[in-house]
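First comes the structure, then the notes that go with it.
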There are 2 protein chains.
Amino acid sequence: MWERKRAKARNAIQREALRLFADRGFAATTVEQVAEAADVAPSTVFRHFPTKQDLLVLDGYHPLLVPLREAFAAQPAERTALQALRGALAAVFAAMPDAERAARYERDVAMVTIPELWSANLGLVAKGMDAIADLVAERSGRAPDDARVRGLARVVSGACFAALLDWSRNPEGDPAQAIDEALSHITDPPPL
Amino acid sequence: MWERKRAKARNAIQREALRLFADRGFAATTVEQVAEAADVAPSTVFRHFPTKQDLLVLDGYHPLLVPLREAFAAQPAERTALQALRGALAAVFAAMPDAERAARYERDVAMVTIPELWSANLGLVAKGMDAIADLVAERSGRAPDDARVRGLARVVSGACFAALLDWSRNPEGDPAQAIDEALSHITDPPPL
DNA sequence: CCGATATTGACAGTCGACTCTCAAAGTTGG
DNA sequence: CCAACTTTGAGAGTCGACTGTCAATATCGG
């Protein structure tokens, strides 16, 4: 029971913190204000999050990689790695419950919108790129640090990032669709 | 003469600051240490750089958007927008004096490596994407917010970003080459 | 209900970024 | 050299992040 209570408090603190950061900015928000908003003592905030920056670190982000790996493996063998990646990403988003998808969008947009949040999670982006490289390497039988594998991973992760960044600035339709569309520009380049 | 003396002191402070940041990290370096290393008083540091973060901002930095625009216009008409972009980027880097290129690499790597710097310059990434979209729109005669134009801009800017990010983590060869290679995965996708 | 254990709040205190002020020292034009 | 001007050093002071301690409180096993 301790665990559940602890996690509940932790989530409340982080939720309020992110809300305040989005409102008035990271630097302009004091830990004391976060504590007050979450209805806890300042010392309690530090007990859950060693530093103020840690309030920005989103855990539970990487679980996306597991279903992605499965969806990727389920792709038809005749597809190229790029087509398979595109298909797998679309499948993962399609299979996601609406509530979870909405929560993820909100988090991802916050991550691109709040500068400090982005910098705190830069490592996650790099990890995502590595994960994609691993997938492609496994499927193609090449080494994960093969130039072609790494190059493909760069392009795909970069396209996903840029699609999200652009979508967050001008939300129209579905982010998953934006990602798929961006990838389509690599798989089937339109004449321009 | 005031001007020259002021600039000299400013450069000395920033040089020592960057050296210390590279050595022990940004957060682990105090302004007092920077002042001592530069042989000035702490208050003098703040007189030249309003905040500690400002010690990271290199002046004399001009975005390569202008030369890129020129190089893009100079590309052969028979190339696709994508090929022209790739060629223009390569041309800009090739035409850049060695010293300037080295300085640019150093700065770009710092920007991706030091989170504090990245968060300060996130807006530049979005602007770069818009600029690329403008170039493509102008050349293709389509609107800058055309879905295909925006999609292409997303993929290209994303690829550049990812290439730089990856290169900064594992520097081999030339960043310009990494960018070109990433773009080649879109123009001439290798079989994978 | 009771004791063991985990969590919290309140509080004091350190440290560094940053501001403000004023006197000292260097610089320039005359 | 003098006088106006600019920069600098020094110091005091504010504010917020962060640490450590201790008593109060909540939960659990028995």
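Reminder, nothing fancy here: chain letters follow the sequence lines and each chain counts from 1.
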Inset, instruction - Pick base, sugar-phosphate or nothing for B:Arg6, based on heavy-atom distances below 4.0 Å to the nucleic acid. - result: sugar-phosphate
Legend entry - Sugar-phosphate, base or nothing in reach of B:Pro42, heavy atoms under 4.0 Å: nothing
Nearest to the side chain of [X], heavy atoms from C-beta on, is which of [options]?
{"X": "B:Lys52", "options": "D:dC18, C:dG9, C:dC18", "answer": "C:dC18"}
{"X": "A:Ser43", "options": "C:dA17, D:dG20, D:dA10", "answer": "D:dG20"}
{"X": "A:Ala9", "options": "C:dT8, D:dT19, D:dA26", "answer": "C:dT8"}
{"X": "A:Lys5", "options": "D:dA26, C:dG26, D:dT19", "answer": "D:dA26"}
{"X": "B:Thr30", "options": "D:dC18, C:dT8, C:dG16", "answer": "C:dG16"}

Legend entry - A:Arg150 and A:Asp145 ion-paired at < 4.0 Å: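 Answer for the salt bridge query: no.
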Inset, instruction - Measure the spacing between CG of A:Leu135 and CG of A:Asp130 and express it to the nearest 0.5 Å. - result: 11.0 Å
Mind calculating the distance between [atom1] ([X]) and [atom2] ([N]) to the nearest angstrom?
{"X": "B:Glu32", "N": "D:dG11", "atom1": "CD", "atom2": "P", "answer": "12 Å"}
{"X": "B:Arg4", "N": "C:dT27", "atom1": "CZ", "atom2": "C1'", "answer": "14 Å"}
{"X": "B:Phe46", "N": "D:dA12", "atom1": "CZ", "atom2": "C1'", "answer": "15 Å"}
{"X": "A:Phe49", "N": "D:dT19", "atom1": "CZ", "atom2": "P", "answer": "15 Å"}
{"X": "A:Gln53", "N": "D:dG16", "atom1": "CD", "atom2": "P", "answer": "17 Å"}
{"X": "A:Phe21", "N": "D:dG16", "atom1": "CZ", "atom2": "P", "answer": "14 Å"}
{"X": "A:Arg47", "N": "D:dA17", "atom1": "CZ", "atom2": "P", "answer": "17 Å"}
{"X": "B:Asp39", "N": "D:dT7", "atom1": "CG", "atom2": "C1'", "answer": "16 Å"}

Legend entry - Over all atoms of both residues, closest heavy-atom pair of B:Asp174 and B:Ala176: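 B:Asp174 and B:Ala176 have their closest heavy atoms at OD1-N, 2.8 Å.
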Inset, instruction - Indicate yes or no for a side-chain donor-acceptor contact from A:Asp54 to the backbone of A:Thr51 under 3.5 Å, with no hydrogens or angles considered. - result: yes
Inset, instruction - Using modelled atom types only, decide if a donor and an acceptor are shared between the side chain of B:Asp146 and the backbone of B:Ala143 within a distance under 3.5 Å. - result: no
Legend entry - Phosphate OP1/OP2 of C:dT8: any A:His48 side-chain N/O under 4.0 Å: yes
